[in-house]
Amino acid sequence: MQKYNHKIEKKWQKQWEKDGLYKTPDTAAKKENYYTLVEFPYPSGNLHIGHWYAFAVPDIFARYKRMQGHNVLFPIGFDAFGLPAENAAIKNKVDPKKWTYENISRMTEQLKSIGASFDWSRQVITSDPEYYKWTQWLFLQLYKKGLAYRGKAVVNWDPIDKTVLANEQVLPDGTAERSGAVVEKKELEQWFLKITDYAERLLKDLGELSWLEEIKQSQRAWIGKSEGALIKFQISSLKFQIEVFTTRPDTLFGATYLVLAPEHKIISDLRLQISNWNEVERYIKHALAKKDIDRIAEKGEKTGVELKGIKAINPANNEEIPIWVADYVLGGYGTGAIMAVPAHDERDFAFAKKNKLPVRTVVAQKPVTHVVAFLESKQRPGTFLFQQRDKGMPTNPGGIGLFGGAIEVGETIFLQSLARELEEELELKLGEQKIVSTCAFEANESDRHIWAAHIRDIDESSLRLHEGKAIVPLTLEEAIVHPRMNPRVKDAINAYLLGTRLFIGEGTMINSGKFDGMESEEAKEKITAFVKGKKETTYKLRDWLISRQRYWGCPIPIVYDPNGKAYPIPEEHLPWTLPTDVDFTPTGEPPLASSKELKKRTEKIFGKGWRSEYDTMDTFIDSSWYFLRYTDPKNDKEPASKKLLKQWMPVKRYSGGAEHTTMHLLYSRFFHKALFDLGIVTEKEPYLSRMNRGIILGTDGRKMSKRWGNVIDPDTQVKMVGADSVRLYLAFIGPYNTVGHYPWDTGGIAGTRRFLERVWKLQEKIAKTENDTLNPELETLTHQTIKKVGEDIENFKFNTAVSALMIFANALEKEPVILKTQYELLLCLLAPFAPHVTEELWKGLLHTSSIHTETWPPYDEKKMEKATMTIVVQVDGKVRDEFTISKETTEEEIKKKAQVLDKVLRWVEGKDIQKILYVQGKLVSIVTKRKHE
RNA sequence: GCCGCGGUGGCGGAAUGGCAGACGCGUUGGACUCAAAAUCCAAUGAUGGCGACAUCGUGAGAGUUCGAGUCUCUCCCGCGGCACCA
């Protein structure tokens, strides 16, 4: 037998390509179509190990689905437009197109070495005119539907390079990456897509998707729906009104001041009435000059200035309240003005505290009152017990500790009197026991364990221990200065003592006139109506700015007449090609403006004085529909035919990086929904399920980077151990369905190589004669393995699938002889992971067809089970022994048997058995009566 | 500051509330060898014990439970995201 040599991989890759093994037909007889997608790569130049992780591991899933009898679409392409090509063009004076397509051809070669089952004939490259023609066409459909519009937007402007910068090109200190200039803001007229029109549907339809909850959560947060009310505040003695948006109209009676964003237009209108105008103007100037960076740096420091000389009137109680301007209120959200309710909003609270503004509580928390009494122990004088009352605290079975009974108190009850009540009650119940001290505090329900938690390791002089519990007599005043007291309890006590505090939740209305006693949820609507406010829903989501002042992107198919009016370019002129005669030297104009060809072309078609749009599209548009094109990549009549879309869409499983959780996924969902409304696609949602993968780190546990010199080059690895070993290693490194960070381990990859060598050697053990006897234990394991490997692949838990294969192979190794069918089964299960070596071995067994056309072996649930079961015996929760017994044994017999085991007898001796629990087929738990104390 | 995720041996990780550490790496010992590599066999959470065995052990502290890595609460630490979103 020859030794395993991974040089066979090239041979099989060529053979598969020759046979068209992975060509995906639009339909296949008796096979259901199944579409699984991986985010397509940007052609950065070199395939790195992250690409392998992204493509080779989902390939296992695609191959598995194929063996299960599906007609699997597992396509690949390139997201080829983008900034790096343009940067290379500026830096090295190369043509972005040349740079991009050379990278594509190099990466294609490298991608083929993965041994992935891509159908290359369906490849999609977004910078091909055949592709971007349809990107433009789709844009025009959205435009005609009124979903694209022109508006003003601010960009990062580099005054030295005279160019627009991406956020990525702006360093954290606010200077430009390349030129070092201080980045400025510049307002430009740009194109937007109305994603906000779809906010509600994007939110609602998440419910139907089987995505991980955390991914859905991120999308929800990004959409950021909030329901509230618009309420108008009159400015006293003037005709002006300030409208605010609030999600808590129920707290209106607690609004003790208004805050305007520095951008708010009304401020300059009120200039003459503001007595400290100079100060205000200075503040606004300073605030508006602030960059995002400064705002982040000023974490928690909330600055602001009062507008002196004017007051607003709270429409709920007609109180005059001050008006402030502060940059913690944003101009671009809501109405740019808020009513500040410091008692019920964290930011308002912090601001009010700093500026000594009044705080008025209008929503009362349903308090849980803790009342603690300290008693001297009867049995052991000198030690203390504490009695505590609060909600839901059960009676302590261990004696005198805690006793239960919920006390719900309204905000008017005096805690001290409650404490006295408890004292009296305790005296009745406990007779002679002396109460040493009592204290009470309010806290919310979740604080109820703090008391017990915080007192464990206090200075011994201040406590005594009793039955493992420590007791600290504290008055409220002592409690708030106690070093070990939980800060939240401290706050609660503090707030109680001061009579003011912050409370964010829902509760009962107080200090709110006729609304007192109402639930805050109900009061939201009632108070809004009372002050004639308007119910309003807002979203954080903003419209999608798609204009880019760059060259290497899809041209926006728009022309302007001599008056600057915009017109869509008629379909027959698509693709509206990217000109090649452009100057990349920054001039302050977008690169396309420098093209003579584009100018000529535009004027020839539309007339003198007409000009083309010079901006190109955000590449997120290219990637918002590429998956549709895979279904029908050669179509020159439409983006993709509805027939083929119907056959393939929606994508059943989409895997990609966590960095695309919000933007890409949300944008493409929006795009797809808009196309659905236009009747271009057939499904409401593009992706049924989504998995985010983790990241491969360097051997030192840091992110791979040239800077650290810890970059693992996949080509070198493949040369050393072969693609199969690399694939298997990446599958084995950790679960693929969570965002983990996995350091590369050179020993680990040697391990997977070793495993494949052992599988290779196993062929020597195949029985030469037709001898059908099989170790029965091996049969059980066989069926377990088939089940386990299949289910794990289905759930993207490739690591445990590999582990199961190793266990199976280890078991085969222990046998002196194995059946050919056994070995073939192992090869089939391993085939999706290591396609080359399994094919070599399969063909070595004289099969004529490829192993990759085999069907996934079935398993028999009955054959998975053993005839016996192992029962673990616990005594008081600790495992003491185990025994193996026939499956037929009754519960009665098992319990009996468990009690007479030697080791069990040893632990039960001298104790009374209180009860015996039996968990079917697993364990017996014997609970003894605890010694009475 | 807010939101999300996580914390298990020397390392990557495994574990429907039921024997914590599967599988792999590493390490140690042994076999083979003149020797080394490769390969094979064995051991490998910590502590105590010659040993059978015992105790402790999943970031910390509490709670629920016959039983908690897993469920609840508080705290600490790490990672990721962010638009101070009213």
Side-chain angles (χ1 to χ4, degrees), chain A residues 213-215 217-218 221-222 224 226 228 244-248 251 259 292 295-296 298-302 326-330 332-335 337-341 344-348 350-351 393-394 445-457 486-489 538-542 658-659 661-662 695 699 701 728-729 732-735 738-752 754-755 757-758 761 797 799-807 810 813 870 872-882 903 914-917 919 922-928:
Chain A
E213 196 47 44
E214 65 206 69
I215 302 179
Q217 194 51 43
S218 304
W222 195 264
S226 56
V244 305
F245 173 72
T246 177
T247 52
R248 292 294 302 269
T251 62
V259 188
D292 297 352
R295 288 196 165 193
I296 294 161
E298 276 175 31
K299 266 177 208 172
E301 255 312 295
K302 288 179 175 52
D327 66 2
Y328 81 94
V329 174
L330 303 178
Y333 185 78
T335 61
I338 62 156
M339 61 180 217
V341 187
H344 304 291
D345 181 276
E346 248 177 286
R347 290 174 309 270
D348 297 344
F351 192 77
M393 187 69 89
E445 197 180 346
S446 59
D447 281 335
R448 92 186 135 102
H449 302 304
I450 304 305
W451 191 254
H454 89 271
I455 54 183
R456 169 130 294 188
D457 46 350
N486 181 285
R488 281 181 62 188
V489 178
T538 61
Y539 300 88
K540 285 194 236 172
L541 187 66
R542 294 177 195 155
E659 69 274 21
T661 301
T662 42
I695 305 166
T699 49
L728 202 61
Y729 173 64
F732 191 50
I733 201 165
T738 52
V739 185
H741 294 81
Y742 310 113
W744 186 268
D745 178 7
T746 41
I749 191 157
T752 54
R754 212 143 44 212
F755 170 67
E757 281 170 7
R758 279 164 47 207
K761 270 190 236 157
K797 288 173 77 178
N799 56 333
T800 46
V802 174
S803 159
L805 287 169
M806 286 171 166
I807 292 168
N810 289 349
E813 241 174 10
T870 303
V872 169
V873 186
Q874 295 185 341
V875 179
D876 290 332
K878 281 193 187 248
V879 176
R880 293 305 178 188
D881 204 358
E882 63 173 43
K903 284 182 192 165
Q914 201 173 35
K915 60 175 157 176
I916 300 174
L917 289 114
V919 180
K922 276 196 177 146
L923 89 150
V924 173
S925 182
I926 299 170
V927 186
T928 66

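From a predicted model like this one, the values you see are computed outputs, not experimental measurements. A, B, ... follow the sequence lines: proteins, then strands. Residue 1 opens every chain.
For A:Asp345 (side chain) and A:Ala340 (main-chain N/O), no donor-acceptor pair under 3.5 Å exists by modelled atom type. Between the A:Asp348 side chain and the A:Val341 main chain, a donor and an acceptor come within less than 3.5 Å of each other.
For A:Trp744, the ring pair (Phe, Tyr, Trp, His ring centres under 6.0 Å) partners at least two apart in sequence or on another chain are A:Tyr729. For A:Ala326, the side chain to side chain contact (heavy atoms under 4.5 Å, CB included) criterion is met by A:Val259, A:Tyr283, A:Tyr328, A:Phe351, not counting sequence neighbours. Checked against side chain to side chain donor-acceptor pair (under 3.5 Å), A:Glu813 has the following partners two or more places apart in sequence or in another chain: A:Arg758. Not a single side chain to side chain donor-acceptor pair (under 3.5 Å) links A:Thr662 to another residue, sequence neighbours left out. Residues passing the side chain to side chain donor-acceptor pair (under 3.5 Å) test with A:Thr251: none are found, sequence neighbours excluded. Annotation: ring pair (Phe, Tyr, Trp, His ring centres under 6.0 Å) contacts of A:Phe245 (sequence neighbours excluded): none. Here A:Tyr539 pairs with A:Glu200 under the side chain to side chain donor-acceptor pair (under 3.5 Å) rule; sequence neighbours left out.
Minimum interatomic distance between A:Pro743 and A:Ile733 (heavy atoms only, all atoms of both residues): O-CD1, 3.8 Å. For A:Met806 against A:Phe732, the heavy-atom pair with the smallest separation is SD-CZ, 4.0 Å. Across all their heavy atoms, A:Val244 and A:Ile338 have their closest contact at CG1-C, 3.7 Å.
Each of B:A86, B:G24, B:A22 was ranked by its minimum atom distance to the side chain of A:Met806; first place goes to B:G24. Considering only side-chain atoms of A:Arg542, the nucleotide from B:A83, B:G24, B:C66 that sits closest is B:A83.
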Polar pairs (N or O, both sides) under 3.5 Å between protein and nucleotides 41-43 of chain B?
none

Enumerate the protein-to-nucleotides 55-59 of chain B contacts in which both atoms are nitrogen or oxygen and the separation is below 3.5 Å.
residue: B:U55; atom: OP2; partner: A:Arg880; partner atom: NH1; Å: 3.3
residue: B:C56; atom: OP2; partner: A:Lys878; partner atom: NZ; Å: 2.9

I'd like a list of close polar pairs between nucleotides 4-12 of chain B and the protein, N/O only, cut-off under 3.5 Å.
residue: B:G12; atom: O2'; partner: A:Ile733; partner atom: O; Å: 2.6

Can you give me the N/O atom pairs linking the protein to nucleotides 17-20 of chain B at distances under 3.5 Å, or say none if there are none?
residue: B:G18; atom: N2; partner: A:Gln874; partner atom: OE1; Å: 2.5
residue: B:C19; atom: N3; partner: A:Glu882; partner atom: OE1; Å: 3.1

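Within the 4.5 Å cutoff, the side chain of A:Arg880 has no heavy atoms near those of the A:Val873 side chain. In this structure, A:Leu917 and A:Val924 have side chains that are not in contact, with every pair of non-hydrogen atoms separated by 4.5 Å or more.
Considering only side-chain N and O atoms, A:Asn799 lies nowhere under 4.0 angstrom from the phosphate OP1 or OP2 of B:G24. Distances shown here put a side-chain N or O of A:Asn810 below 4.0 Å from the OP1 or OP2 atom of B:G24.
Distance check: A:Arg754 CZ to A:Ile749 CD1 gives 12.0 Å after rounding to the nearest 0.5 Å. Atom CG of A:Leu805 sits about 10.0 Å away from atom OG1 of A:Thr800, to the nearest 0.5 Å. Interatomic distance, A:Asp876 CG to A:Thr928 OG1, rounded to the nearest 0.5 Å: 3.5 Å.
Comparing the same atom, P, in B:G26 and in B:A37 gives a spacing of 13 Å after rounding to whole Å. Nucleotides B:G4 and B:G49 are separated by 50 Å at their P atoms, to the nearest Å. Separation of the P atoms belonging to B:G9 and B:G59 is 7 Å when rounded to the nearest angstrom. The same atom, P, is picked in B:G63 and in B:G45; the two are 31 Å apart, to the nearest Å. B:A31 and B:G78 have their C1' atoms separated by 45 Å, given to the nearest Å. Atom C1' of B:C76 sits at a distance of 7 Å from the matching atom of B:A60, rounded to the whole Å. Nucleotides B:C79 and B:C84 are separated by 22 Å at their P atoms, to the nearest Å. The same atom, P, is picked in B:C71 and in B:U8; the two are 16 Å apart, to the nearest Å.
Between A:Val802 and A:Lys761, the one whose closest nucleotide on RNA chain B sits nearer the 5' end is A:Val802. Nearer the 5' end of RNA chain B, as judged by each residue's closest nucleotide, is the contact made by A:Pro735, out of A:Ile926 and A:Pro735.
Looking at heavy-atom distances under 4.0 Å, A:Arg754 makes contact with sugar-phosphate atoms alone, never a base. Residue A:Asp348 is out of contact with every strand shown, counting any heavy-atom pair closer than 4.0 Å. Across all strands, A:Lys915 comes closer than 4.0 Å only to sugar-phosphate atoms, never to a base (heavy-atom distances). A:Gly224 comes within 4.0 angstrom of nothing in the nucleic acid, heavy atoms only.
When rounded to the nearest whole Å, the span between CD1 of A:Ile749 and C1' of B:C25 equals 12 Å. Atom CG in A:Asp876 sits roughly 9 Å away from atom P in B:G67 (whole-Å rounding). For the pair A:Asp327 CG and B:C85 C1', the computed distance is 14 Å after rounding to whole Å. In this structure, NZ of A:Lys797 is placed 7 Å from P of B:A14, rounded to the nearest angstrom. Rounded to whole Å, atom P of B:C3 lies 11 Å from atom NZ of A:Lys540. Distance CG (A:Asp345) to P (B:G1): 16 Å, rounded to an integer number of Å. Atom C1' of nucleotide B:C23 and atom CZ of A:Arg758 are separated by 11 Å, given to the nearest angstrom. In this entry the distance linking CG of A:Leu805 with P of B:C23 reads 14 Å, nearest Å.
An anti base is found at B:G24: its glycosidic angle is more than 90° from 0.
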Where does RNA chain B pair, written as one dot-bracket string 5' to 3', with Watson-Crick or G-U pairs under 3.5 Å, ( ) inside the strand, [ ] for crossing pairs and | for another strand? (((((((..(((.....[....)))((((((.......))))))((((....))))..(((((..]....))))))))))))....
